[in-house]
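Keep in mind that the numbers below use all heavy atoms, side chains included, and drop hydrogens, waters and symmetry copies. These figures come from a predicted structure and were not determined experimentally.
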Amino acid sequence: MKLFLATLLALVVGTQAFGTFHKDCGCIGNGGRKVSPDATLHGGMVHPAYGNSCFAWDMAEKDCMEGGASYGADWCDDAWCFVPKGCYDDEGESVVFGDALYYSYSACGSVDAFTDTVS
């Protein structure tokens, strides 16, 4: 009975913390993509592993550093990664890469404070 309750609690907490779980969900990485020529973030340069795993990738972004337009913003130090489309309730389309690549904060246990700031 204790094992059943512990498993049930883990499922409920996991679902709330990480959004809807599907069999093939999790961080999938950027697939070696190059930055879109239209990207305005990161000055057109990103780390090759950008979005490949749960990490606060935007901390090193110029806008998130002291003096930047987003300095101190909630999303600057939040972990996120790229995920398959349709896996998480909070996923958004990448603003750095030009093709269909989706990010999620909840996949990494973070709350998405970024998506609503994108116009």
> So, do D63 and Y71 sit near enough that their side-chain heavy atoms are less than 4.5 Å apart?
Replying inline: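 Result no, sub-4.5 Å side-chain heavy-atom pair not found.
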> Going by heavy atoms in the side chains, are D112 and Y103 under 4.5 Å from each other?
Replying inline: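 In contact.
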> Quick one: are the C108 and C81 sulfurs under 2.5 Å apart?
Replying inline: no
> Do the cysteine sulfurs of C25 and C87 sit under 2.5 angstrom from one another?
Replying inline: yes
> Do Y50 and W80 have their ring centres less than 6.0 Å from each other?
Replying inline: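 Distance test on ring centres: under 6.0 Å, yes.
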Rounded to the nearest 0.5 Å, what separates atom [atom1] in [X] from atom [atom2] in [Y]?
X    : Y    : atom1 : atom2 : value
C76  : M65  : SG    : CE    : 10.0 Å
I28  : L101 : CD1   : CG    : 6.0 Å
F114 : S70  : CZ    : OG    : 8.0 Å
Y105 : S110 : OH    : OG    : 8.0 Å

Over all heavy atoms of both residues, which pair between [X] and [Y] is shortest? Give the atoms and the distance, please.
X   : Y   : result
M59 : C64 : O-CB, 4.2 Å
W57 : G51 : CE2-N, 3.2 Å
P84 : G26 : CD-O, 3.3 Å

>> For D74, I'd like to know if atom CG has over 12 heavy atoms of other residues, nucleotides or ligands within 6.0 Å.
In response: no
>> Would W75 and D58 count as a side-chain contact (heavy atoms from CB on, under 4.5 Å) here? Give the steps.
In response: CA-CA 8 Å; W75 55 268; D58 299 312; 3.7 Å; yes
> Is the backbone of Y102 close enough, under 3.5 Å, to the side chain of S94 for a donor and an acceptor to pair up by distance?
Replying inline: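 No: the side chain of S94 does not pair with the backbone of Y102.
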> Looking only at atom types and distance, does a side-chain atom of S106 sit under 3.5 Å from a main-chain N or O of G109, one as donor and one as acceptor?
Replying inline: no
> For N52, what residues pass the side-chain contact (heavy atoms from CB on, under 4.5 Å) criterion, not counting sequence neighbours?
Replying inline: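 N52 satisfies side-chain contact (heavy atoms from CB on, under 4.5 Å) with N30, A49 once adjacent residues are dropped.
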